[in-house]
Visitor: 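Got a structure for you, written out below as structure tokens; questions coming shortly.
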Amino acid sequence: VLRKTVVTTKTKSYETYQSPKELLERSGCTTFSQCHRSFYVNLINVKMICPTHIKLTESYVVPVGNTFAEAVRSAYDEYCANLISGTAHL
């Protein structure tokens, strides 16, 4: 069964039948992290991580699943540490 992936940017949404994993591998982007079974976030756009959701720029709020909570927090901590040290890949 083909599932549609919707990629939302600040100005537009795009639809594709590629999986998020395929899209990220193809792009080589390292700033995305899965936060829920149905959501990935670009760590660059994270404003705040709460126990049950993530607040993004542009007033978006996405859920954080229990399965992904620790991993997304760890990825964000690593991203912030790399940003501070000047080694973040934007």
Side-chain angles (χ1 to χ4, degrees):
V1 174
L2 289 177
R3 295 179 189 248
K4 195 179 291 185
T5 298
V6 179
V7 178
T8 303
T9 69
K10 290 180 182 178
T11 58
K12 193 172 180 182
S13 290
Y14 302 89
E15 295 180 353
T16 180
Y17 287 102
Q18 289 182 300
S19 72
K21 186 175 180 178
E22 290 171 328
L23 287 171
L24 294 173
E25 286 174 355
R26 202 167 189 213
S27 72
C29 187
T30 60
T31 60
F32 281 82
S33 182
Q34 188 170 9
C35 61
H36 187 274
R37 189 173 84 176
S38 302
F39 291 90
Y40 284 73
V41 293
N42 188 337
L43 300 173
I44 293 170
N45 295 320
V46 171
K47 285 177 114 177
M48 180 187 306
I49 298 180
C50 301
T52 60
H53 61 277
I54 295 175
K55 293 181 181 182
L56 303 171
T57 56
E58 305 299 319
S59 301
Y60 288 109
V61 176
V62 295
V64 173
N66 293 335
T67 305
F68 302 99
E70 186 176 329
V72 74
R73 283 186 186 88
S74 177
Y76 187 65
D77 288 346
E78 183 178 337
Y79 167 75
C80 289
N82 290 339
L83 193 61
I84 290 167
S85 70
T87 60
H89 300 288
L90 302 177

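Heavy-atom basis, side chains included; hydrogens, waters and symmetry copies ignored.
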Visitor: Considering only distance and modelled atom types, tabulate donor-acceptor pairs under 3.5 Å from the side chains of residues 36-55, sequence neighbours left out.
Guide:
| unit_1 | atom_1 | unit_2 | atom_2 | d |
| --- | --- | --- | --- | --- |
| His36 | ND1 | Ser38 | N | 3.1 |
| Tyr40 | OH | Gln34 | OE1 | 3.2 |
| Asn42 | OD1 | Thr31 | OG1 | 3.0 |
| Asn42 | OD1 | Ile44 | N | 3.1 |

Visitor: Go through the structure and list residues passing side chain to side chain contact (heavy atoms under 4.5 Å, CB included) with Ala69, not counting sequence neighbours.
Guide: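 Per chain and number, Ala69 pairs via side chain to side chain contact (heavy atoms under 4.5 Å, CB included) with Val64, Arg73.
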
Visitor: Among all residues two or more places apart in sequence or in another chain, which pass the side chain to side chain contact (heavy atoms under 4.5 Å, CB included) test with Ser74?
Guide: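 So Ser74 forms no side chain to side chain contact (heavy atoms under 4.5 Å, CB included) with any residue.
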
Visitor: For Ile84, what are the other residues in its hydrophobic cluster, where any two members join if their side-chain heavy atoms are less than 4.5 angstrom apart?
Guide: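 None, because no other hydrophobic side chain comes under 4.5 Å of this residue.
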
Visitor: Provide the closest heavy-atom pair for Ser33 versus Ala71 in the form atom of the first, atom of the second, distance.
Guide: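 In this case the closest contact between Ser33 and Ala71 is OG-O, 4.4 Å.
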
Visitor: Among pairs that include at least one residue of residues 56-69, which meet side chain to side chain donor-acceptor pair (under 3.5 Å), considering only residues two or more places apart or in two chains?
Guide: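 Not a single pair qualifies under side chain to side chain donor-acceptor pair (under 3.5 Å).
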
Visitor: Indicate, with yes or no, if Tyr76 and Val62 share a hydrophobic cluster defined by side-chain heavy-atom contacts under 4.5 Å among Ile, Leu, Val, Met, Phe, Trp and Tyr.
Guide: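 Yes: a chain of side-chain contacts under 4.5 Å links Val62 to Tyr76.
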
Visitor: In the hydrophobic clustering (ILVMFWY, side-chain contacts below 4.5 Å, transitive), which residues join Val61, or is it alone?
Guide: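 Members other than Val61 - counting any ILVMFWY side chain reachable under 4.5 Å - there are none.
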
Visitor: Sequence neighbours excluded, which residues qualify as side chain to side chain donor-acceptor pair (under 3.5 Å) partners of Asp77?
Guide: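 Here no residue qualifies.
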
Visitor: Donor-acceptor pairs under 3.5 Å, side chain of residues 5-18 to any protein atom, not counting sequence neighbours: which ones?
Guide:
| unit_1 | atom_1 | unit_2 | atom_2 | d |
| --- | --- | --- | --- | --- |
| Thr5 | OG1 | Gln18 | O | 2.7 |
| Thr9 | OG1 | Thr11 | N | 3.3 |
| Thr9 | OG1 | Lys12 | N | 3.0 |
| Thr9 | OG1 | Lys12 | O | 2.9 |
| Glu15 | OE1 | Lys4 | NZ | 3.3 |
| Thr16 | OG1 | Gln18 | N | 3.2 |

